[in-house]
Amino acid sequence: MRHLDTTLEQLAQQIPGVGEIFNQYQITPCCGGKNTLKEAIANAKLGEDEIQAVIAKITNLTDKIAEAEKKAADPEHGKNFCCGSCGGS
């Protein structure tokens, strides 16, 4: 699964908002955040449904960030803005 072998420190640096997910599921970084997400989940003694929820939420955050970065890099994004009132997009 995506992100399981990534350290909590790396996730915190790369994914804004991931700390809120950690707090919600009582995933605490030990060893200065050097533990992996897999290790932290095991330490938090989460059930399978909670583990899946954590992974899904982190993946959703990374997908949103990637989409925002893609839009920001697109020179055509934002051109020909339409408010939608005419039925256009």
Side-chain angles (χ1 to χ4, degrees):
M1 287 184 187
R2 207 164 128 188
H3 308 299
L4 284 177
D5 294 321
T6 307
T7 67
L8 296 186
E9 177 183 45
Q10 290 170 320
L11 290 171
Q13 290 173 348
Q14 297 169 2
I15 308 170
V18 78
E20 293 174 28
I21 297 170
F22 294 163
N23 290 336
Q24 182 180 358
Y25 291 93
Q26 284 117 29
I27 296 173
T28 55
C30 64
C31 309
K34 303 296 183 205
N35 53 329
T36 65
L37 180 58
K38 184 188 306 182
E39 294 165 337
I41 286 173
N43 291 339
K45 297 179 173 80
L46 300 178
E48 187 64 32
D49 289 343
E50 292 171 309
I51 293 169
Q52 294 299 324
V54 168
I55 299 299
K57 288 180 179 187
I58 292 173
T59 299
N60 187 36
L61 274 177
T62 57
D63 290 348
K64 284 182 179 180
I65 292 167
E67 182 63 28
E69 288 173 348
K70 181 179 173 185
K71 284 181 181 178
D74 180 2
E76 295 300 312
H77 182 72
K79 286 186 176 179
N80 304 320
F81 174 76
C82 178
C83 68
S85 65
C86 64
S89 56

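Just so it is clear, the values below take in all heavy atoms, side chains as well, and ignore hydrogens, waters and symmetry mates.
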>> Nearest 0.5 angstrom please: Gln10 CD to Asp5 CG, how far?
In response: 10.5 Å

>> Can you confirm whether Thr28 sits close enough to Leu8 that some side-chain heavy atom of one is under 4.5 Å from a side-chain heavy atom of the other?
In response: no

> At what distance, to the nearest 0.5 angstrom, does CD of Glu69 lie from OG1 of Thr62?
Replying inline: 10.5 Å

>> I need the minimum non-hydrogen distance between Lys34 and Glu39, along with the two atoms involved.
In response: O-OE1, 4.5 Å

>> Once rounded to the nearest 0.5 Å, what's the spacing between atom CD of Gln52 and atom CD of Glu48?
In response: 5.0 Å

>> With rounding to the nearest 0.5 angstrom, report the OG1 to CD1 distance, Thr59 to Ile15.
In response: 8.0 Å

>> Using every non-hydrogen atom in the two residues, find where Tyr25 and Ala53 come nearest and quote the distance to one decimal.
In response: OH-CB, 3.3 Å

>> Using every non-hydrogen atom in the two residues, find where Gln14 and Ile65 come nearest and quote the distance to one decimal.
In response: O-CD1, 4.3 Å

>> Let me confirm one number: the CD-NZ distance from Glu50 to Lys45, rounded to the nearest 0.5 Å.
In response: 13.0 Å

>> Does Thr6 form a side-chain contact (heavy atoms from CB on, under 4.5 Å) with Leu37? I'd like the steps, not just the answer.
In response: CA-CA 6 Å; Thr6 307; Leu37 180 58; 5.7 Å; no

> Roughly how far, to the nearest 0.5 Å, is CD1 of Ile51 from NZ of Lys38?
Replying inline: 11.0 Å

>> Which residue is it: Leu11, Asn35, Val54, Val18? I am looking for the one with a side-chain contact (heavy atoms from CB on, under 4.5 Å) to Ile27.
In response: Val54

> Within a radius of less than 6.0 Å around CD of Glu20, do more than 12 heavy atoms belonging to other residues, nucleotides or ligands occur?
Replying inline: no

